[in-house]
J.: 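One structure is given below, represented as structure tokens, and several questions about it will come after.
In what follows, chains carry the letters A, B, and so on, assigned in the order in which the sequence lines appear, proteins first and then strands, with residues in each chain numbered from 1.
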Amino acid sequence: MSNVRVRFAPSPTGYLHIGGARTALFNWLYARHTGGKLILRIEDTDTARNSQEAIDVIYNGLRWLGLDWDEGPVSSTDFMASKGDKGPYFQSQRSDLYRHHVDMLLQKDMAYEKDGAIRFRMTRDPILIPDLVVGDVSRALTDREELEPDFVIVRSDGQPVFHLVNVIDDMLMGITHVIRGEDHLSNTAKHIALFRAFGAEIPKYAHIPLILNTDGSKMSKRDTGASMQTYMEGFFMPEAVVNYLCLLGWSPKDDRQVMPLQEVIERFDLPQILRGNARFDMVKLQWMNAEYLKTAPAPQWNTLCLRELHKAGIDISTFSEDYITGALATYREKQQQLIDTPLSAKFYFSEDFAVDEEAAKKQFVPENRPRVEKLRDALAGLTDFNADNIQPVFKTTATELGVKVGVLVGPVRVALTGSPVGPSLYHLIEVLGKERALARMEKALSQIPA
RNA sequence: GGCGUGUUCGUCUAUCGGUUAGGACACGGCCCUCUCAAGGCUGAAAGACGGGUUCGAUUCCCGUACGCGCUACCA
């Protein structure tokens with residue numbers, strides 16, 4: 001047991017940024033590593049863009065990644081439901097707390113009203129920010145701040161601003177470590193000043209570097225891969241996304257790439273977090289995803305495939321579960337094909353699959369006719385119709401014809417799948433079954449000129 | 001402009017002053033092979049620049065350049 005209390009405090013903007021997801025992940029990792037608590041707090045002060053859907057996006061994103069929290073809201077249907085005794089966990093429900101604390105500052109003359117807004121009397125001296133990742137940072141006033149060091153903590157419309165509520169919540173919720181994006185580093189001087197004004201203990205800070213686009217520019221909403229939605233709706237395993245994110249800005253210091261989460265939890269710590277911004281590399285994420293996909297449990301693999309098939313408009317409703325599972329299993333080692341072109345699997349579920357014209361032109365030639373015929377006859381005589389038995393049939397037939405196996409594979413593949421590329425032919429024939437396979441060969445023969 | 005922060009192969013990274021600067025993704029070649037992949041082997045590929053400190057700097061210090069963040073009555 002430890003007294004570590006960290007938090008993830010997203011604003012419900014309607015989407016979860018990959019950078020936000022990593023911030024959540026690092027907080028979660030630290031909590032799990034130390035045996036501390038992770039608090040989820042919804043920073044919904046901007047009521048204009050606050051909606052249930054926007055909050056669900058956060059819940060769903062975190063849950064998809066497998067990041068659970070120890071305190072905070074628990075339900076998307078019951079607004080008030082929460083766990084933990086430091087609530088409410090929605091800033092929109094904490095107005096009284098904020099007002100009370102602002103009054104305290106006002107009374108002590110640490111804040112004052114000006115033009116209808118309330119400003120905090122900010123220190124003029126540089127503030128030292130001890131950061132667990134970046135080191136000691138001395139933040140001096142900027143030129144504009146020299147002119148007006150006191151910053152607004154309550155707007156003239158009565159709304160408290162981010163800096164204020166963020167500090168009050170961290171203070172009241174007993175946050176011990178603030179792990180957040182480096183974009184808040186400069187602002188931390190204000191936060192520290194506020195903590196001091198309240199006479200509260202200042203949490204430890206760990207500002208983690210940002211995630212940028214491949215070209216080094218800032219990653220915003222529209223950039224590829226920026227939204228968690230991309231992964232949740234795409235052909236991705238959450239374990240892979242988490243693993244990739246762990247390695248972006250943190251390093252186990254050895255050559256490990258694919259790491260079980262449990263091991264990351266054991267080895268994760270704040271000082272090892274890297275100081276430089278990292279560029280997001282979708283290609284490497286895809287590789288990582290492929291690594292996980294290779295050993296994914298069958299149900300998970302099937303679910304992902306089925307979704308792609310559905311998107312591609314392929315109807316599988318008339319096929320048995322065994323048949324579907326068998327068909328999808330043949331794509332296990334060539335997942336990229338199914339991810340990129342799910343339509344290429346249509347031959348399993350329909351006679352109406354696309355035929356590659358070029359391939360047909362090349363394979364459906366007169367000299368292949370007797371070859372396919374001989375193979376058809378050989379296959380027709382096969383009783384135990386499985387890949388292990390089918391393969392020898394191809395070999396034997398090829399030998400008898402005095403050709404290489406590849407010569408037979410070519411036309412048959414196009415006849416059965418319509419494409420020159422695809423899963424292992426022997427396995428694919430097994431799944432298709434004798435009847436279907438022979439029928440398609442027959443159909444192809446009718447198209448081959450004599 | 002000001003205040004911060006950062007800079008090792010194209011990308012993610014290893015290196016606690018002394019290494020042929022290592023690994024992974026991507027890329028090239030070879031092998032394997034029923035296609036395509038996967039896999040195995042292999043190749044090319046890096047210390048931003050300039051000064052110091054030191055017997056010796058990728059590593060420590062300073063400067064320059066460039067990147068990123070912050071400079072709001074946004075969060």
Side-chain angles (χ1 to χ4, degrees), chain A residues 9-13 43-46 48-49 91 114-119 126 129 131 133-135 137-148 151-163 165-166 181-190 207 209-212 214-219 244 247-258 274-288 290-291 294 331-338 344 359 390-391 394-395 398 404-410 412-414 417 419-429:
Chain A
S11 176
T13 58
E43 305 220 334
D44 57 347
T45 49
D46 189 349
R49 55 184 179 186
Q91 289 189 333
K114 184 184 177 189
D115 298 326
I118 298 174
R119 285 178 178 270
I129 305 166
D131 191 281
V133 172
V134 188
V137 175
S138 177
R139 169 81 210 294
L141 256 36
T142 67
D143 52 354
R144 287 183 219 175
E145 286 169 340
E146 291 282 2
L147 264 35
E148 178 52 280
F151 59 93
V152 171
I153 52 175
V154 179
R155 290 181 243 165
S156 51
D157 66 1
Q159 280 291 316
V161 307
F162 163 76
H163 303 300
V165 299
N166 193 268
E182 196 195 22
D183 49 342
H184 285 107
L185 182 56
S186 294
N187 287 151
T188 303
K190 289 176 180 159
H207 286 93
L210 271 19
I211 297 180
L212 309 175
T214 319
D215 64 1
S217 63
K218 184 184 176 179
M219 199 174 208
Y244 175 73
L247 265 27
L248 247 201
W250 175 81
S251 168
K253 303 294 181 191
D254 57 22
D255 294 337
R256 304 292 302 284
Q257 303 291 329
V258 179
L274 298 149
R275 319 115 294 233
N277 292 339
R279 300 183 187 208
F280 184 78
D281 186 356
M282 181 62 97
V283 176
K284 182 151 187 180
L285 204 201
Q286 273 161 347
W287 167 81
M288 182 69 79
E291 288 296 303
K294 280 176 196 165
Y331 277 99
R332 219 39 190 302
E333 287 295 311
K334 31 212 97 222
Q335 20 166 302
Q336 206 56 46
Q337 195 182 352
L338 197 54
S344 67
I390 293 167
Q391 174 161 9
F394 272 75
K395 292 247 162 89
K404 284 185 170 181
V405 180
V407 174
L408 295 180
V409 168
V412 175
R413 179 178 288 286
V414 177
T417 73
S419 166
V421 301
S424 158
L425 186 62
Y426 311 130
H427 292 84
L428 152 187
I429 290 175

J.: Could you tell me whether A/R144 contacts a base, only the sugar-phosphate backbone, or nothing, with contacts defined as non-hydrogen atoms closer than 4.0 Å?
T.: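 Here A/R144 touches the bases of the nucleic acid.
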J.: Classify the side chain of A/D143 and the base of B/G1 as holding, or not holding, a donor-acceptor pair under 3.5 Å.
T.: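 By the distance-only test, yes, there is a pair.
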J.: When all nucleic acid strands are considered with a 4.0 Å heavy-atom cut-off, which category describes A/S424: base, sugar-phosphate, or nothing?
T.: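 Base contact.
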J.: C1' atom, B/G40 versus B/C32: distance in rounded Å?
T.: 8 Å
J.: Heavy atoms under 4.0 Å, any strand shown: does A/E148 hit a base, just sugar-phosphate, or nothing?
T.: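 No contact.
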J.: Given that both distances must come in under 3.5 Å, which nucleotide forms a Watson-Crick or G-U wobble pair with B/G63?
T.: B/C49
J.: Could you tell me whether A/Y244 contacts a base, only the sugar-phosphate backbone, or nothing, with contacts defined as non-hydrogen atoms closer than 4.0 Å?
T.: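 If one applies the 4.0 Å heavy-atom cut-off, A/Y244 turns out to touch nothing in the nucleic acid.
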J.: By the 4.0 Å heavy-atom rule, please label A/K404 as base, sugar-phosphate, or nothing.
T.: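 Contact class for A/K404: none.
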J.: Counting only distance, no hydrogens or angles, is the base of B/C34 paired donor-acceptor with the side chain of A/R413 under 3.5 Å?
T.: yes
J.: Given B/A75, is OP1 or OP2 found less than 4.0 Å from the side-chain N or O atoms of A/R155?
T.: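 Yes, because at least one side-chain N or O of A/R155 sits under 4.0 Å from OP1 or OP2 of B/A75.
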J.: Tell me whether A/H184 is stacked on the nucleobase of B/G69, counting only the six-membered base ring and applying the 5.5 Å and 30° thresholds.
T.: no
J.: For the pair made of CG in A/L247 and C1' in B/C25, what is the distance, rounded to whole Å?
T.: 11 Å
J.: At 4.0 Å (heavy atoms only), tell me whether A/A117 reaches a base, stays on the sugar-phosphate, or touches nothing.
T.: base
J.: Compare the minimum distances between each of B/G69, B/G6, B/U71 and the side chain of A/T142, then state the nucleotide with the smallest one.
T.: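 The nucleotide sitting nearest to the side chain is B/U71.
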J.: Scan every strand shown for a Watson-Crick or G-U wobble partner of B/A44, both distances under 3.5 Å, and answer none if you come up empty.
T.: none
J.: Check every atom of B/G22, B/C34, B/C73 against the side chain of A/D255 and return the nucleotide holding the closest atom.
T.: B/G22
J.: Examine B/C70: is either OP1 or OP2 under 4.0 Å from a nitrogen or oxygen in the side chain of A/R139? Give yes or no.
T.: no
J.: Would you indicate what A/D254 reaches in the nucleic acid, counting non-hydrogen atoms under 4.0 angstrom: base, sugar-phosphate, or nothing?
T.: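 Nothing, no heavy atom under 4.0 Å.
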J.: Could you measure between the two C1' atoms, the one in B/U20 and the one in B/A46, and give it in whole Å?
T.: 15 Å
J.: Check if the side chain of A/K284 and the base of B/A26 share a donor-acceptor pair of N or O atoms closer than 3.5 Å.
T.: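 When only heavy-atom distances are counted, A/K284 does not reach the base of B/A26 through any donor-acceptor pair under 3.5 Å.
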J.: How is A/G276 classified with respect to the nucleic acid when contacts are heavy atoms under 4.0 Å: base, sugar-phosphate, or nothing?
T.: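 Touches sugar-phosphate only.
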J.: Check this for me: does the side-chain of A/D44 come within 3.5 Å of the base of B/A75 through a donor and an acceptor?
T.: no
J.: Any idea which of B/C70, B/G6, B/C34 is nearest the A/S186 side chain?
T.: B/C70
J.: Mind calculating the distance between NZ (A/K253) and P (B/U59) to the nearest angstrom?
T.: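 One finds 17 Å between P of B/U59 and NZ of A/K253, rounded.
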J.: Suppose you measure atom P in B/U64 against the same atom in B/G23; what distance do you get, rounded to whole Å?
T.: 37 Å
J.: When all nucleic acid strands are considered with a 4.0 Å heavy-atom cut-off, which category describes A/G249: base, sugar-phosphate, or nothing?
T.: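 Sugar-phosphate, no base atom in range.
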J.: For the base of B/C36, is there a side-chain donor-acceptor partner from A/K334 under 3.5 Å away?
T.: yes
J.: Distance between the C1' atoms of B/U11 and B/G67, in whole angstroms?
T.: 15 Å
J.: If you check every side-chain atom of A/L274, which of B/C25, B/U13, B/A75 has the closest atom?
T.: B/U13
J.: Using the P atom as the point on both nucleotides, what is the distance between B/C68 and B/U8, in whole Å?
T.: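 The same atom, P, in both gives a distance of 15 Å.
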J.: Just name whichever nucleotide pairs with B/C3, Watson-Crick or G-U, keeping both distances under 3.5 Å, else none.
T.: B/G69
J.: The side chain of A/D115 lies closest to which of these nucleotides: B/U13, B/C73, B/G4?
T.: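 Nearest to the side chain of A/D115 among the choices is B/C73.
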J.: Does the side chain of A/E148 come within less than 4.5 Å of A/R119's, by heavy atoms?
T.: yes
J.: Find out whether A/V137 and A/H207 are in side-chain contact, i.e. whether some heavy atom of one side chain is under 4.5 Å from a heavy atom of the other.
T.: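 No, every pair of side-chain atoms sits at 4.5 Å or beyond.
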J.: So with a 6.0 Å cut-off around NZ of A/K253, is the heavy-atom count from everything else above 12?
T.: yes
J.: Measure from the side-chain heavy atoms of A/N187 and tell me the nearest of B/U5, B/A24, B/A75.
T.: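 Within the option list, the nearest is B/A75.
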J.: Where the side chain of A/S251 is defined as all heavy atoms beyond and including C-beta, which of B/A26, B/G1, B/A14 is the nearest nucleotide?
T.: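 Within the option list, the nearest is B/A14.
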J.: Under 4.0 Å between any heavy atoms, over every strand shown, what does A/E182 touch: base, sugar-phosphate, or nothing? Just pick one.
T.: sugar-phosphate
J.: Here's a test of your reading of the structure: between A/V405 and A/K294, which maps to the more 5' nucleotide of RNA chain B?
T.: A/V405
J.: Which part of the nucleic acid, if any, lies within reach of A/L425 when heavy atoms closer than 4.0 Å are counted: base, sugar-phosphate only, or nothing?
T.: base
J.: B/C34, B/U7, B/U15: which one has an atom nearest the side-chain heavy atoms of A/K395?
T.: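 Out of B/C34, B/U7, B/U15, the nucleotide with an atom closest to A/K395's side chain is B/C34.
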J.: Would you mind classifying the nucleic acid contact of A/P423 as base, sugar-phosphate or nothing, using non-hydrogen atoms under 4.0 angstrom?
T.: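 Base: the residue A/P423, judged by heavy atoms under 4.0 Å, touches a nucleobase.
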J.: Any idea which of B/C36, B/G39, B/U5 is nearest the A/Q337 side chain?
T.: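 The closest nucleotide is B/C36.
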J.: Please find the pair of heavy atoms, one from A/Q91 and one from A/D44, that lie closest to each other, and give the distance.
T.: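 Looking at all heavy atoms of both residues, the shortest contact is N-OD1, 3.1 Å.
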J.: Whole-Å distance between B/U5 P and A/L185 CG?
T.: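 In whole Å, B/U5 P lies 7 Å from A/L185 CG.
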J.: Given A/H163, which partner from the list A/V152, A/I153, A/N187 fulfils the side-chain contact (heavy atoms from CB on, under 4.5 Å) test?
T.: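 When A/V152, A/I153, A/N187 are each tested with A/H163, the side-chain contact (heavy atoms from CB on, under 4.5 Å) holds only for A/N187.
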J.: Which of these nucleotides, B/A75, B/A24, B/A14, is closest to any side-chain atom of A/W287?
T.: B/A24
J.: What are the two closest heavy atoms between A/W250 and A/L274, and how far apart are they?
T.: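 Minimum heavy-atom separation between A/W250 and A/L274: N-CD1, 3.8 Å.
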J.: Give the minimum heavy-atom separation between A/D115 and A/S156, together with the two atoms involved.
T.: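 Closest pair (atom of A/D115, atom of A/S156, distance): O-CB, 3.9 Å.
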J.: Taking atom P in both B/A37 and B/G43, what distance in whole Å separates the two?
T.: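 To the nearest whole Å, 23 Å.
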J.: Which value, in whole Å, describes the distance between the C1' atoms of nucleotides B/A14 and B/G47?
T.: 13 Å
J.: Applying the Watson-Crick and G-U wobble criteria at under 3.5 Å, what pairs with B/C25? Answer none if nothing qualifies.
T.: B/G10
J.: Please state the P separation for the pair B/A48 and B/A57 - nearest whole angstrom.
T.: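 To the nearest whole Å, 15 Å.
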J.: Identify whether any heavy atom of A/L141 sits under 4.0 Å from a base atom; if not, whether one sits that close to sugar-phosphate; answer base, sugar-phosphate or nothing.
T.: sugar-phosphate
J.: Do A/T188 and A/R139 come within less than 4.5 Å of each other through their side chains, counting heavy atoms only?
T.: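 Counting from C-beta outward, A/T188 and A/R139 never come under 4.5 Å.
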J.: Calculate the interatomic distance between A/R275 atom CZ and B/G6 atom P; express it in whole Å.
T.: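 These atoms are roughly 8 Å apart.
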J.: Identify, between A/W250 and A/V421, the residue whose nearest nucleotide on RNA chain B lies closer to the 5' end.
T.: A/W250
J.: Answer yes or no: is there a side-chain heavy-atom contact under 4.5 Å between A/F151 and A/V161?
T.: no
J.: Search all heavy atoms of A/E182 against all heavy atoms of A/L210 and return the closest pair with its distance.
T.: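 Here A/E182 and A/L210 meet closest at N-CD1, 3.5 Å.
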